[in-house]
Engineer: 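Got a structure for you, questions after.
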Amino acid sequence: MADLPGMIDFEASGLGPESYPIEVAWSDPHGHVEAHYIDPAPGWEDWDPEAEAIHWIPRHLLRDCGKPVAWVAERMNAVLAGRTVYCDAPRMDAFWCRRLFEAAGRDPAFQVGSFWHIHPDPSARLPYRLVTQILERAEAARGGRQHEADSDVRFLLAVYWLTRQAMKEQGHA
């Protein structure tokens, strides 16, 4: 796969207004995925046990293995500068991206966009059977479980790629 749109995904401490990013992953135009745990910034105290039950990332792992917010922000800017990266939950992912960059005292050098603006709606033009196959194949390509940032990025990439291929084969390019 080459010339793919970049994808991004965040996992977070919860869903509330005081939640913060705890893991981020993104992809490059060739489909390579990079992911990092994030050591919570000072003042980031909000922790929702229900969110932890979904993403399975214990808080101590972030303190032990997470990268400092400034390092993550600098790395993201170095790799993503000038690009738009797409996510399936743009309101929340953009919120957590802002939280990360505000805590790092930096501005992002990239944009976060909606996956739904670049992804063709396969259900409108493809048979249900084929859409189901695309989702099953994308799930197999995930390489992990749902709510792991890198796994979710691989899933989005696979859905995008497989849908485009199916639409070309069906004459909907």
Side-chain angles (χ1 to χ4, degrees), residues 1-119 141-161:
M1 293 190 278
D3 296 324
L4 292 168
M7 303 295 175
I8 191 166
D9 186 64
F10 285 91
E11 297 303 322
S13 66
L15 295 175
E18 297 301 314
S19 65
Y20 52 87
I22 62 171
E23 182 186 25
V24 63
W26 61 84
S27 64
D28 70 14
H30 304 287
H32 300 119
V33 177
E34 182 173 339
H36 300 284
Y37 289 123
I38 303 166
D39 184 12
W44 284 3
E45 300 299 328
D46 182 68
W47 190 259
D48 183 346
E50 290 180 25
E52 183 178 342
I54 293 170
H55 55 59
W56 296 8
I57 301 170
R59 194 168 187 166
H60 69 84
L61 180 66
L62 304 174
R63 296 276 184 219
D64 296 344
C65 301
K67 302 271 199 284
V69 293
W71 186 92
V72 175
E74 288 171 14
R75 178 68 184 154
M76 292 174 78
N77 274 347
V79 176
L80 302 174
R83 295 179 54 209
T84 298
V85 285
Y86 299 92
C87 59
D88 61 352
R91 188 171 92 19
M92 295 309 296
D93 286 326
F95 169 73
W96 293 316
C97 188
R98 277 192 309 278
R99 294 270 300 177
L100 175 75
F101 277 84
E102 286 170 2
R106 291 165 176 73
D107 292 321
F110 59 92
Q111 300 292 318
V112 175
S114 174
F115 176 75
W116 310 111
H117 290 155
I118 62 164
H119 181 259
R142 182 185 286 277
R145 61 179 171 68
Q146 188 176 15
H147 299 297
E148 286 178 323
D150 58 341
S151 173
D152 289 349
V153 165
R154 282 191 294 275
F155 178 78
L156 289 175
L157 284 168
V159 167
Y160 178 85
W161 177 257

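Note: hydrogens, waters and symmetry copies are ignored here, and every other heavy atom, side chains too, is used. Residues: numbered from 1 along the sequence shown.
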Engineer: Is there a side-chain contact between Met76 and Val85, using heavy atoms and a 4.5 Å cut-off?
Structural biologist: no

Engineer: Write down the atom of Val79, the atom of Glu34, and the distance for their closest heavy-atom approach.
Structural biologist: CG2-OE1, 4.2 Å

Engineer: When you measure from the side chain of Arg99 to the backbone of Ser19, do you find a donor-acceptor pair of N or O atoms at a distance under 3.5 Å?
Structural biologist: yes

Engineer: Over 60° means perpendicular and under 30° means parallel, so tell me whether His55 and Trp47 are parallel, tilted or perpendicular.
Structural biologist: perpendicular

Engineer: How many angstroms lie between atom CZ of Arg83 and atom CG of Asp28, to the nearest 0.5 angstrom?
Structural biologist: 6.5 Å

Engineer: Starting at CD of Glu45, measure out to OH of Tyr20 and round the result to the nearest 0.5 Å.
Structural biologist: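 Nearest 0.5 Å value for the CD-OH distance: 7.0 Å.
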
Engineer: Is there side-chain contact between Cys97 and Phe110, with at least one heavy-atom pair below 4.5 Å?
Structural biologist: yes

Engineer: What residues, two or more places apart in sequence or in another chain, satisfy ring pair (Phe, Tyr, Trp, His ring centres under 6.0 Å) together with Phe115?
Structural biologist: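 Phe115 satisfies ring pair (Phe, Tyr, Trp, His ring centres under 6.0 Å) with His119 once adjacent residues are dropped.
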
Engineer: Could you pull out the closest heavy-atom pair between Ala103 and Ala41, with the gap in Å?
Structural biologist: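 What the structure gives for the nearest pair is CB-CB, 3.9 Å.
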
Engineer: Nearest 0.5 Å please: distance from the CZ atom of Arg106 over to the CG atom of Leu100.
Structural biologist: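 Atom-to-atom, Arg106:CZ and Leu100:CG are 9.5 Å apart.
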
Engineer: Taking side chain to side chain donor-acceptor pair (under 3.5 Å) as the cut-off, I'd like each qualifying pair that reaches into residues 6-17, sequence neighbours left out, listed once.
Structural biologist: none

Engineer: Suppose we screen for side chain to side chain contact (heavy atoms under 4.5 Å, CB included). Which residues come up paired with Ala35, at least two apart in sequence or across chains?
Structural biologist: Ala25, Asp150

Engineer: Using every non-hydrogen atom in the two residues, find where Asp46 and Glu18 come nearest and quote the distance to one decimal.
Structural biologist: CB-O, 3.3 Å

Engineer: Is there any ring-ring contact (aromatic ring centres under 6.0 Å, His included) pair reaching into residues 77-100, and which pairs are they, with sequence neighbours excluded?
Structural biologist: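 Every pair satisfying ring-ring contact (aromatic ring centres under 6.0 Å, His included) with a residue in residues 77-100: there are none.
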
Engineer: So how far is it from Tyr37 OH to Leu62 CG, rounded to the nearest 0.5 Å?
Structural biologist: 8.0 Å

Engineer: Closest approach of Val72 and Ile38, non-hydrogen atoms and distance?
Structural biologist: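 That would be CG2-CG1, 4.2 Å.
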
Engineer: Restricting to non-hydrogen atoms, name the atom on Ala149 and the atom on Val24 that form the minimum distance, rounded to 0.1 Å.
Structural biologist: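 For Ala149 versus Val24, the nearest heavy atoms are CB-C, 3.9 Å.
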
Engineer: Hey, what do you get for CG (Asp88) to CG (Asp152), rounding to the nearest 0.5 Å?
Structural biologist: 7.0 Å

Engineer: What is the distance from atom OG1 of Thr84 to atom CD1 of Ile118, rounded to the nearest 0.5 Å?
Structural biologist: 9.5 Å

Engineer: Any chance CG of Leu15 has more than 12 other-residue heavy atoms, nucleotides or ligands included, within less than 6.0 Å?
Structural biologist: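 Counting other residues, nucleotides and ligands, CG of Leu15 stays at 12 neighbours or fewer.
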
Engineer: Listed by chain and number, what are the side chain to side chain contact (heavy atoms under 4.5 Å, CB included) partners of Arg63, not counting sequence neighbours?
Structural biologist: Asp39, Pro40, Arg59

Engineer: Which atom names give the shortest non-hydrogen contact between Ser27 and Val153, and what distance separates them?
Structural biologist: CB-CG1, 3.7 Å

Engineer: Let me see the working for Phe101 and Asn77 under side-chain contact (heavy atoms from CB on, under 4.5 Å), right down to the final yes or no.
Structural biologist: CA-CA 10 Å; Phe101 277 84; Asn77 274 347; 3.5 Å; yes

Engineer: Flag the pair Glu52 / Pro58 as yes when at least one side-chain heavy-atom distance between them is below 4.5 Å, and no otherwise.
Structural biologist: yes

Engineer: Would you say the side chain of Arg75 lies within less than 4.5 Å of the side chain of Lys67, judging by non-hydrogen atoms?
Structural biologist: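 When only atoms from C-beta onward are counted, Arg75 and Lys67 do not touch, as no gap falls below 4.5 Å.
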
Engineer: Residues in ring pair (Phe, Tyr, Trp, His ring centres under 6.0 Å) with Trp71, at least two apart?
Structural biologist: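 Ring pair (Phe, Tyr, Trp, His ring centres under 6.0 Å) list for Trp71, sorted by chain: His36.
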
